[in-house]
Number of protein chains: 2
Amino acid sequence: MTTTAITGKNYIGNKLSSKGNKTYTTFNPQLNKENDSIFFEATINEVNEAIELAHNAFKEYRNYPGSKKAVFLNAIADEILNLGDDLIHMYMSESGLPEGRAIGERGRTVFQLRSFAELVTEGSWVKATIDTAIPDREPLPKSDIRKFNIPLGPVVVFGASNFPLAYSTAGGDTAAALAAGCPVVVKSHPMHAGTGELIASAISKAADKTGMPNGVFSNLNSGGIEVGQQLVSHPKVKAVGFTGSIKGGRALFDLAAKREEPIPVFAEMGSINPVIMFPKALENRGENLASTYANSITLGTGQFCTNPGLILGLKSDSLTKFINSLAQKIVAINPSCMLHPNIVAAYESNKAKAIAQEGTAVVGEYSKETQTNYASQVITTVEGKTFLENPTLHQEVFGPYSIVVQCENIEQLEQIISNLEGQLTGTVIADNEAANYPKVIAALQNRVGRIIFNGVPTGVEVCPSMVHGGPYPASTDSRFTAVGVNSINRWVRPFSFQDFPNELLPNELKNENPLQILRSVNGSFTKQEIK
Amino acid sequence: MTTTAITGKNYIGNKLSSKGNKTYTTFNPQLNKENDSIFFEATINEVNEAIELAHNAFKEYRNYPGSKKAVFLNAIADEILNLGDDLIHMYMSESGLPEGRAIGERGRTVFQLRSFAELVTEGSWVKATIDTAIPDREPLPKSDIRKFNIPLGPVVVFGASNFPLAYSTAGGDTAAALAAGCPVVVKSHPMHAGTGELIASAISKAADKTGMPNGVFSNLNSGGIEVGQQLVSHPKVKAVGFTGSIKGGRALFDLAAKREEPIPVFAEMGSINPVIMFPKALENRGENLASTYANSITLGTGQFCTNPGLILGLKSDSLTKFINSLAQKIVAINPSCMLHPNIVAAYESNKAKAIAQEGTAVVGEYSKETQTNYASQVITTVEGKTFLENPTLHQEVFGPYSIVVQCENIEQLEQIISNLEGQLTGTVIADNEAANYPKVIAALQNRVGRIIFNGVPTGVEVCPSMVHGGPYPASTDSRFTAVGVNSINRWVRPFSFQDFPNELLPNELKNENPLQILRSVNGSFTKQEIK
């Protein structure tokens, strides 16, 4: 279907390379057959070569002004758009996702790249903080100290299965790391290696056109886990970004923690995204809520990190009505394709495991025959006590599945929330009643990264106020977000100059403030120069 | 010497407790004898009790307004000052440090507490970031999203041996955590358990007077490693602060990483703080530099994290002269007391190991007899090549010891710096010549958290622009500082509200901006209300 030739090779800096013998292909879940292109898994030498190049590129790239990095980021966005329909068709053939989603996700990817370009052009993101000298302070003179954020070094990014564009090769992690001044080595996701190669070709072209140092970006193919392990273990890699399963993210986190020099791993992993339906809302608009949630649960075949997998309510007639209505509405939705047969298999097995738990009742299940690799959506329900006592029911079933928990009372509801693992989001559905449940909302806040009021958790806005992350295992470090421009903070560290001559300071910290950035000077935010 | 009675008991919240049988004493290194008080090691039940109390206290304390936390922090500072000479005498008897240092460190401790009180009273530290709704945005409406920083939960603080006040019971880690809204459980340092108990009594009194929830603070005695291990492993502990050895910090980091829910450990560990002496400076003022560095190396008996343990220069007559002068000046300084016989023993053994390395020459060594527990200062020198090839020479010798490396040329100097482990600080000594060595300075920047120009690394200013931390093993997470008000960022995470009703939002995020804090609203910093 594509006209841009896929080579199946790795990008080691600006060179195409295929030194290994291990190969693999991607799969078209809609057609239920393998795609044509053959991908060459990176060898250990290719991994090392990519990291050495990144290490050397870092020496130059870390010092580039924001304006120069912005030109690169915008060029990547341009080159991605230049791929045109080839990219959209490749995306669809490797993900089973529809065209509208492909175009939307490409838009998000381009938007993210341009947002980071804007951020580093403006420049205040480095958080310049200046305390000027007080030479006559008693008992000791005070030095002039100036701090700003500098990049950590080469970053390894693991592409996500469920976002072939926005959280993969040129996705949020890559854009944030490049903006920070960190070269990036991507471990391409094996399910969409062709999409990855197209994007890598765009980045490589952009790097070449804008004069970036060779090695600022590499893209490594990998069908197994070895390449990822080698990348995370390499002493010259300084940080890791990952989006995927708890098992995968935790394995990388453990590997990074065991290194002689441990490095930060920001892994955005599983979440069941609890939704609390308070009584009045259920009573007033249970039917509407059932429609809204039937759609949210099945959106993207339930393959979003923020998919609502757990709905909590107080036992009542209106909750029963809501459950039945949700069940009816969800089975009326046409099933859609999942990303890969392996994802379908995992969905079926996790779903079966959840349904088999004692006390779990299936209330709605799409039971007509579906196309191969399409997911049949399911709604189950349990008693609060059953849920509380069985941690298996707290596990994510990745796909269009949700469990409704019928709580005895508000105390049990609060107890259930307090006992949940960390989550990306929590949602509160309430009609002028939320103020009556401060403890429930406080407990929810303590378990999640974002609370949504009277909405759905799916649909993550890319903006500075967004938090996408949360207590473990939603992410491995809740102190950072993976979405929005503040995600750049994952890849930088603060650095101080003490009594440094003005002419040798970086522009961000010079007296004259030549970049006209907002700085904290002796405790006040200002763009003024220092006299 | 003290009049405030020392009980030797643990503070489990506001209760004194001594359920265990294991006891220990502290040691007066100046008098070379045990102090009188007997301390009761916390039992596993006492550890659990302290954490349960902290967990429960968190539910309330996390929601306290900044003004209320500030009253508590200032009350702690007041109560510390109220301890008067008892505290100073206890400090001296448990550390061997002189009165001036004790008083200075108490001043720093009080200053830190009051700085955090000021920070949370002002309130803008929560980094409120608001993106208002765009209901008519196409293709989808934009939600109202508002983010700010919230506390992680109970924090465990390990007191430092070398700062019985400023980085121990009520030191920087504790002050930052309490300011953030996190209850604190301190693992008291066994070398100064009496000082720890006095400070704990002050905190307990302050908590009581200002109406803090019981469990907001506990102080656990511990002569071994078990209490620390139990604390770091406990599921209800959410973060750890540590100042000490690489071995100790790494063990805790590893333990925290292995937990079912891994938690952040900010460990500030070893550093040899390289100092580069460029040729002109050595030629112009080698003699003065020798005096300055003889003092810096022996300051506080060389027991500062930022002690200059490594001096680098280019082989030349002026370097040789500097080395001889440094050797002469340092042996003319009167030795002083170390913190504890164990610290003396470690110093002697690490020093002997360093001196025994092939190619190491001792150029200055205090050789007269000293009082027991006093450290004899030493200066050694090696060739650049020898240093480069022998990692043992890169290890910290905690105490008044420094090695001068004579480099063949500037390339070797740069290579040595690039091959160093991560450091807290690097120092550049230069006379109008630093601009000639951009690669050396860039390499240094990549290995340290702070660069000092024409000064000494000892003396860490407490101010917002300070970075105390650095690439591993200087600290376990270079993305944070342990000194200055920004150290509060170690104990908080960002949290978003989406479409939340204004009246239910915390004051920091309400439209009216009732706290009058600086907020980022739709990309601009402002204190204005949102209309």
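Being a predicted model, the structure only gives us computed values, none of them experimental. Chain letters run A, B, ... following the sequence lines, proteins first, then strands; residues in each count from 1.
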Heavy-atom distance under 4.5 Å to chain A: side chain of [X], backbone, both or neither?
X      : value
B:L504 : side chain
B:R519 : neither
B:P494 : both
B:N489 : backbone
B:I441 : side chain
B:I150 : side chain

*asked:* If we count only N and O atoms by modelled type, under 3.5 Å, do the side chains of B:T481 and B:S487 hold a donor and an acceptor together?
replied: no
*Pair B:S520-B:T129, side-chain donor/acceptor within less than 3.5 Å*: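 On atom types as modelled, these side chains do not qualify, holding no pair under 3.5 Å.
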_Trace of the salt bridge (charged side-chain N to carboxylate O under 4.0 Å, His left out) decision for B:D254 with B:K258_ = CA-CA 6 Å; B:D254 288 345; B:K258 269 187 222 138; 5.8 Å; no
For chain B, find which of [options] contributes the most heavy-atom pairs closer than 4.5 angstrom.
options                       : result
A:N446, A:V428, A:N486        : A:N446
A:P471, A:G455, A:S143        : A:P471
A:K59, A:K238, A:H468, A:E261 : A:E261
A:E503, A:M466, A:K439        : A:M466
A:F500, A:F525, A:F497        : A:F500
A:R146, A:E461, A:Q445        : A:Q445

Taking [Y]'s backbone N and O only, do any of them form a donor-acceptor pair with [X]'s side chain (distance below 3.5 Å, no angle check)?
X      : Y      : answer
B:D144 : B:D499 : no
B:T476 : B:A267 : yes
A:T425 : A:R450 : no
A:S124 : A:L518 : yes
B:S496 : A:S465 : yes
A:N273 : A:Q423 : no

Taking [options] one by one, which has the highest count of heavy-atom pairs under 4.5 Å against chain A?
options                        : value
B:P262, B:P438, B:C463, B:A442 : B:P262
B:F495, B:F480, B:W491         : B:F495
B:L140, B:V448, B:I263         : B:V448
B:G426, B:P473, B:A443, B:P501 : B:P501
B:A256, B:P264, B:A435         : B:P264
B:K127, B:R479, B:E260, B:K147 : B:R479

*For A:N454, is it the side chain, the backbone, both or neither that has a heavy atom under 4.5 Å from a heavy atom of chain B?*
neither
*Measure A:V485 against the heavy atoms of chain B and call it side chain, backbone, both or neither at under 4.5 Å.*
neither
Of all the heavy-atom pairs spanning [X] and [Y], show the shortest one and how long it is.
X      : Y      : value
A:I517 : A:A128 : CD1-CB, 4.2 Å
B:G270 : B:I246 : N-CG1, 3.6 Å
A:T427 : A:I429 : CG2-CD1, 3.9 Å

